[in-house]
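One structure is given below, encoded as structure tokens.
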Amino acid sequence: MEMPEHDAPTFYEQVYELVKLIPKGRITTYGAIAKALGAGKSSRLVGTALIAAHRPNLQLPIHRVVNRNGLLTGKNHYSHPSMQELLEAEGIKVITDQVQHFKEVFWDPLKEI
DNA sequence: CACTTGACGAGCT
DNA sequence: TAGCTCGCCAAGT
């Protein structure tokens, strides 16, 4: 049993909630998430939050989050299957760690929420 | 308590 | 186009 969070959802938790909403076959960016949470300049925290999201209990599609260039900057944190495998399994093309048709598969939380 | 690190991003040179 | 600097903030040392 984990100790219950009293109240006031942390920035991390807000990130997790948003990541859960990313549709399959779509991706978003750290900056977009940060901005959607009202902390546009805290994109680094989003990345940090995803590292913390490696907890087994937490099953989040964090592979659907890339940087603003559509680059798989977090691929080094995966073992197997690789981040690229996970994305391609959803129909997202990845070449040399970069998402193809980035603009097409990009999911903007601000527009969907 | 102070300093460093980091799945980022925008702006400047 | 490529590289450097600064802002932002949690977590680790």
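Protein chains get the first letters and strands the later ones, always in sequence-line order, with residue 1 at the start of each.
To the nearest angstrom, C1' of B/dG11 lies 10 Å from CZ of A/Arg68. Here the P atom of nucleotide B/dA10 and the CG atom of A/Asn67 are 10 Å apart, to the nearest Å. For the pair A/Leu58 CG and B/dA7 P, the computed distance is 19 Å after rounding to whole Å. The NZ atom of A/Lys75 sits 15 Å away from the P atom of B/dC8 (whole-angstrom rounding). Between the CD atom of A/Gln84 and the C1' atom of B/dA7 there is a distance of 16 Å, rounded to whole Å. Nucleotide B/dA7 holds its C1' atom 14 Å from the CG atom of A/Leu86, rounded to whole Å.
Nearest heavy atom pair, residue A/Asn67 against residue A/Thr29, reads O-CG2, 3.6 Å. Annotation for A/Val19 and A/Pro61: closest pair O-CG, 3.4 Å, computed over non-hydrogen atoms. Looking at every heavy atom in both residues, A/Ala49 comes nearest to A/Tyr12 through CB-CD1, 3.7 Å.
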Stepwise, does the side chain to side chain contact (heavy atoms under 4.5 Å, CB included) test hold for A/Val66 with A/Thr73?
-> CA-CA 7 Å; A/Val66 299; A/Thr73 48; 5.8 Å; no

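Rounded to the nearest 0.5 Å, atoms CZ (A/Phe106) and CD1 (A/Ile22) are 9.5 Å apart.
If you take atom P in B/dT4 and the same atom in C/dT5, they sit 16 Å apart, rounded to whole Å. Only the P atoms considered, B/dC1 is 22 Å distant from C/dC8, to the nearest whole Å.
With salt bridges taken as basic N to acidic carboxylate O contacts below 4.0 Å, one links A/Glu90 and A/Arg64.
Across all strands shown, A/His63 has no heavy atoms under 4.0 Å from either base or sugar-phosphate atoms. Residue contacts shown for A/Leu72 are absent, as no nucleic acid heavy atom lies under 4.0 Å away.
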Between protein and nucleotides 8-13 of chain C, map the contacts as a letter string: B base, S sugar-phosphate only, - none, heavy atoms under 4.0 Å, written 5' to 3'.
-> BBSS--

